[in-house]
A.B. asks: 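What follows is a single structure, and I will ask about it in a moment.
The first residue in the sequence is number 1, and the count goes up from there. When reading the values below, keep in mind they use all heavy atoms of this one structure, side chains included, and skip hydrogens, waters and symmetry mates.
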Amino acid sequence: QVQLVESGGGLVQAGGSLRLSCAASGRTFSVYAMGWFRKAPGKEREFVAAISWSSGKTSYADSMKGRFTISRDNAKNTVYLQMNSLKPEDTAVYYCAAVKDYSATVYASWQYNYWGQGTQVTVSS
């Protein structure tokens with residue numbers, strides 16, 4: 001089992017920045033990649049970014065690329081999501097997730113095996 005605990009959400013003004021953290025524990029050695037997804041009211045869950053745990057290869061949704069940066073600290077078993085130039089449209093609950101399948105398509109939420117509790121990000125206009 002893998003446990004994921006998120007932190008760093010909050011209220012920010014448009015144009016501001018925020019960094020989310022996801023601390024992983026348990027059988028983290030079995031994890032292939034970590035991803036961030038978000039869920040806004042009335043919208044489907046949306047892929048944000050992902051990173052390979054071992055290689056550090058990153059993937060981003062087109063709308064987030066250039067504004068958001070995913071990174072990881074292997075020693076701390078922690079994944080981060082740096083969010084810059086935030087927009088009101090970024091308001092959502094952000095979830096950290098872990099996928100075990102090495103052949104998984106990291107942008108597909110159904111491929112992920114473990115999920116964090118989510119952290120609320122609210123961007124005011």
Side-chain angles (χ1 to χ4, degrees):
Q1 291 282 2
V2 176
Q3 295 80 44
L4 306 174
V5 179
E6 302 165 1
S7 61
L11 174 65
V12 297
Q13 292 183 327
S17 299
L18 200 63
R19 189 178 77 159
L20 306 182
S21 299
C22 175
S25 61
R27 298 181 180 272
T28 57
F29 55 83
S30 66
V31 174
Y32 162 64
M34 301 286 291
W36 287 96
F37 294 81
R38 67 186 186 185
K39 178 70 170 66
K43 299 180 64 178
E44 295 183 357
R45 184 167 50 190
E46 179 184 25
F47 171 73
V48 176
I51 186 168
S52 171
W53 193 255
S54 59
S55 71
K57 181 181 179 181
T58 58
S59 300
Y60 296 93
D62 289 341
S63 61
M64 267 66 87
K65 192 172 185 179
R67 297 191 299 125
F68 292 6
T69 303
I70 188 170
S71 61
R72 87 275 198 252
D73 186 331
N74 296 67
K76 296 182 178 180
N77 290 322
T78 300
V79 176
Y80 305 95
L81 182 68
Q82 179 67 46
M83 304 184 293
N84 299 325
S85 302
L86 284 164
K87 307 173 182 179
E89 306 93 271
D90 295 318
T91 296
V93 177
Y94 284 71
Y95 297 91
C96 177
V99 60
K100 297 170 65 177
D101 191 349
Y102 68 90
S103 64
T105 51
V106 296
Y107 52 82
S109 61
W110 58 268
Q111 293 263 204
Y112 285 76
N113 306 97
Y114 307 101
W115 292 84
Q117 79 285 355
T119 184
Q120 177 70 48
V121 172
T122 303
V123 184
S124 62
S125 60

A.B. asks: Which side-chain hydrogen bond (donor to acceptor under 3.5 Å, both in side chains) pairs, counting each pair once, include a residue from residues 59-70, with sequence neighbours left out?
C.D. replies: R67-D90

A.B. asks: Looking at every heavy atom in both Y95 and G116, which two are closest together, and how far apart are they?
C.D. replies: CD2-O, 3.7 Å

A.B. asks: W115 and M34: same hydrophobic cluster, using ILVMFWY side-chain contacts below 4.5 Å?
C.D. replies: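 Cluster IDs for W115 and M34 differ.
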
A.B. asks: Counting only N and O atoms by type, is there a donor-acceptor contact under 3.5 Å from the side chain of S55 to the main-chain atoms of S52?
C.D. replies: no

A.B. asks: Kindly write out the residues that satisfy salt bridge (charged side-chain N to carboxylate O under 4.0 Å, His left out) with E46, not counting sequence neighbours, or none if the list is empty.
C.D. replies: R38

A.B. asks: Please check: side-chain N/O of T28 versus main-chain N/O of S25, any donor-acceptor pairing under 3.5 Å?
C.D. replies: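 The answer is no, because no donor-acceptor pair under 3.5 Å joins these two groups.
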
A.B. asks: Mind jotting down which residue pairs meet the disulfide bond (SG atoms under 2.5 Å apart) criterion with at least one end in residues 39-72? Sequence neighbours excluded, please.
C.D. replies: none

A.B. asks: Can you list every pair that meets disulfide bond (SG atoms under 2.5 Å apart) and has a residue in residues 72-125, with sequence neighbours left out?
C.D. replies: C22-C96

A.B. asks: Measure the spacing between CG of L18 and OG1 of T119 and express it to the nearest 0.5 Å.
C.D. replies: 8.0 Å

A.B. asks: Checking one residue: V5. Which other hydrophobic residues are in its cluster under the side-chain 4.5 Å linking rule?
C.D. replies: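 Answer for V5: none, a lone residue.
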
A.B. asks: Flag yes if V48 and L86 sit in one hydrophobic cluster, no otherwise; membership is Ile, Leu, Val, Met, Phe, Trp, Tyr, and two members link when side-chain heavy atoms are under 4.5 Å apart.
C.D. replies: yes

A.B. asks: Measure across N84 and S17 and return the closest heavy-atom pair with its distance rounded to 0.1 Å.
C.D. replies: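 For N84 and S17, the tightest heavy-atom pair comes out as OD1-OG, 2.9 Å.
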
A.B. asks: Quick check on the hydrophobic clustering: are M64 and I51 connected, directly or via other members, by side-chain heavy-atom contacts under 4.5 Å?
C.D. replies: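 As far as the 4.5 Å side-chain criterion goes, I51 and M64 are connected within one cluster.
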
A.B. asks: Rounded to the nearest 0.5 Å, how far apart are OG1 of T105 and CD of Q111?
C.D. replies: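 One finds 4.0 Å between OG1 of T105 and CD of Q111.
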
A.B. asks: Could you go through F37 and V93, starting from their C-alpha distance and side-chain angles, then the distance that decides it, and tell me whether this counts as side-chain contact (heavy atoms from CB on, under 4.5 Å)?
C.D. replies: CA-CA 8 Å; F37 294 81; V93 177; over 6 Å; no

A.B. asks: Who pairs with R72 by salt bridge (charged side-chain N to carboxylate O under 4.0 Å, His left out), at least two apart in sequence or on another chain?
C.D. replies: none

A.B. asks: Please report the shortest heavy-atom distance between K100 and N113, naming the atom on each side.
C.D. replies: N-OD1, 2.8 Å

A.B. asks: Give the minimum heavy-atom separation between V99 and A104, together with the two atoms involved.
C.D. replies: CG2-CB, 3.6 Å

A.B. asks: Do E6 and W36 have side-chain heavy atoms sitting under 4.5 Å apart?
C.D. replies: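 Touching, per the 4.5 Å side-chain cut-off.
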
A.B. asks: Which heavy atom in T78 sits nearest to a heavy atom in W53, and how many Å separate them?
C.D. replies: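 Scanning both residues, the minimum pair turns out to be N-CH2, 3.8 Å.
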
A.B. asks: Is there a path of hydrophobic side-chain contacts, each under 4.5 Å between heavy atoms of I/L/V/M/F/W/Y residues, joining Y114 to Y32?
C.D. replies: no

A.B. asks: Counting only heavy atoms from other residues, nucleotides and ligands, does the tally under 6.0 Å from NZ of K39 exceed 12?
C.D. replies: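 More than 12 within 6.0 Å, yes.
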
A.B. asks: Out of D73, I70, L20, which residue meets the side-chain contact (heavy atoms from CB on, under 4.5 Å) rule with Y80?
C.D. replies: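 Looking at D73, I70, L20, the match for Y80 under the side-chain contact (heavy atoms from CB on, under 4.5 Å) is D73.
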
A.B. asks: Count I, L, V, M, F, W, Y as connected when their side-chain heavy atoms are under 4.5 Å apart, and connections chain through other members. Are M83 and V123 then in the same cluster?
C.D. replies: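 In one cluster: yes.
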
A.B. asks: For F29, is the CZ atom crowded, meaning more than 12 foreign heavy atoms sit under 6.0 Å from it?
C.D. replies: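 It does: F29 CZ has more than 12 such atoms within range.
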
A.B. asks: Between L4 and A98, what is the shortest heavy-atom contact and its length?
C.D. replies: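 For L4 versus A98, the nearest heavy atoms are CD1-N, 3.8 Å.
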
